[in-house]
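Every chain is numbered from 1, with letters handed out A, B, ... down the list of sequences.
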2 protein chains.
Amino acid sequence: MQFSKSTGHALHAVIHLARAERGQHVGIKELAALLGVSESYLSKIMSKLRQDGIVRAMTGASGGYELAKSANLITFLDVIQVVEGRQKMYECFNLDSQQHQLFFESEEQASQHTGHHEGNGCLVKKVMDGAEQQMVHYLQQHTIQGVLDSAAATSTK
Amino acid sequence: MQFSKSTGHALHAVIHLARAERGQHVGIKELAALLGVSESYLSKIMSKLRQDGIVRAMTGASGGYELAKSANLITFLDVIQVVEGRQKMYECFNLDSQQHQLFFESEEQASQHTGHHEGNGCLVKKVMDGAEQQMVHYLQQHTIQGVLDSAAATSTK
DNA sequence: CTATTATGGATATTGCAGGTCCATAAAGAT
DNA sequence: ATCTTTATGGACCTGCAATATCCATAATAG
Ligand code: SF4
Ligand code: SF4
């Protein structure tokens, strides 16, 4: 139950791009050296960020990366989901276990007309999904620009 | 970024124990059959739950497991942390990277007298820790008994 | 004593995060 | 045109943690 290292790298990379001049391209060399990771590995992460529309990339001499949109439009959630994916944190795997059946013995009849329930009514899943939602919501409210602003405010205090 | 299957099993096992009669012992055989997993594997999980004081175990004939405390004193967080551990979801691994140094160029001098800062002032880490805290807090507010109560209320509606 | 049941160590299996290498494509520089 | 620089994506390797099984041992009821 931990964020992958790649997620950390993605966050740090995006933050650095946000600090760079608008329109300025940052190469993988510079980025990798700054973060202290190999170029080949970081390039994979950057590639994903590009596919998901977080950054833009330019090949060729004096190419590199830049943010694809304003830093205040990029949330922590955006960056994290690029690397971590978008699957639910808790998935029901034992849907055919006796216990699951028990939990829904009453609901089975109720869902006769719908044809599917998929654990929608299960309170265990509801709690787990709720917990995830708390975190997701928080991460969605915090942007990259937000961090930069706060950092600036702190250093000039 | 997913909860392990073991976490799911632990939750389901505890819930079943909570539904059983107080003072009644449930064997690993019954429990494993109910959840649809092997006895040997589930016993490992149960053993952890015992070590952390969630359940009590009795060896010998007519032995088995029972809750070590009332179900309304057992939170989701308690059970989850038994399996998942208690490490932070985001850990700073690149503390010696150039970027980290940059982030703390001003703070370095400020922390001369303390001797350590360990990223306390970093806003990236602060956001990530904040997100985790949101989830942890939510999981701490939801007990096993809470799910049972809601389930009972739903079935009699 | 015997049957039953949990425990913990050892060990296999598997999936995946972490990481490298290289052939290719795109774009600027000459 | 050609060369150099730079990103891209496929193939691949590696190590470790989650998953899973087996067994020898201990504890307990009858
Ligand atoms: S969490 Fe609920 S829906 Fe999912 S398997 Fe368990 S009982 Fe079924
Ligand atoms: S998250 Fe902050 S404290 Fe952690 S390594 Fe990055 S800059 Fe340093």
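- A:Glu30 has its CD atom 13 Å from the C1' atom of D:dT6, to the nearest Å.
- Listed by chain and number, the residues in a side chain to side chain contact (heavy atoms under 4.5 Å, CB included) with B:Ser6 are B:Ser4, B:Tyr41, B:Ile45, B:Val83 (sequence neighbours excluded).
- Looking only at side-chain heavy atoms (C-beta outward), A:Val136 and A:Gln140 come within less than 4.5 Å of each other.
- The nearest whole Å value for the distance from the CG atom in A:Asp52 to the P atom in D:dG9 is 12 Å.
- Taking 4.0 angstrom as the limit, B:Gln2 places none of its side-chain polar atoms (N or O) nearer than this to OP1 or OP2 of C:dC16.
- As rounded to whole Å, 15 Å separates atom P of C:dG8 from atom CG of B:Leu42.
- Within a 6.0 Å sphere centred on CD of A:Glu21, other residues, nucleotides and ligands contribute 12 heavy atoms or fewer.
- Residues B:Tyr138 and B:Met89 fall within the same hydrophobic cluster, defined by Ile, Leu, Val, Met, Phe, Trp and Tyr side chains chained together at heavy-atom separations under 4.5 Å.
- Distance B:Arg56 CZ to D:dA27 P: 19 Å, rounded to the nearest Å.
- At a threshold of 4.5 Å between non-hydrogen side-chain atoms, the residues A:Arg19 and A:Leu148 count as touching.
- Across the protein-nucleic acid pair, A:Met1 atom CE and C:dA17 atom C1' stand 16 Å apart, rounded to whole Å.
- For A:Ile28, taking side-chain heavy atoms from C-beta onward, the closest of the listed nucleotides D:dG9, D:dA7, C:dT7 is D:dA7.
- Looking at A:Ile80 and B:Met1, their side chains never come closer than 4.5 Å, going by heavy atoms from C-beta outward.
- When rounded to the nearest whole Å, the span between CD of A:Glu66 and P of D:dT6 equals 16 Å.
- Distance CD (A:Glu84) to P (C:dC16): 14 Å, rounded to an integer number of Å.
- Once rounded to the nearest 0.5 Å, the distance linking CG of B:Leu31 with CE of B:Met46 reads 5.5 Å.
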task = At under 4.0 Å between heavy atoms, which parts of nucleotides 18-30 of chain C does protein reach? Answer with one letter per nucleotide, 5' to 3': B base, S sugar-phosphate only, - none.
result = SBBB----BBS--
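- Phosphate proximity of C:dG8 to B:Arg50: present, with a side-chain N or O under 4.0 Å from OP1 or OP2.
- Going from atom CD1 of A:Ile45 over to atom C1' of C:dA17 covers 11 Å, rounded to whole Å.
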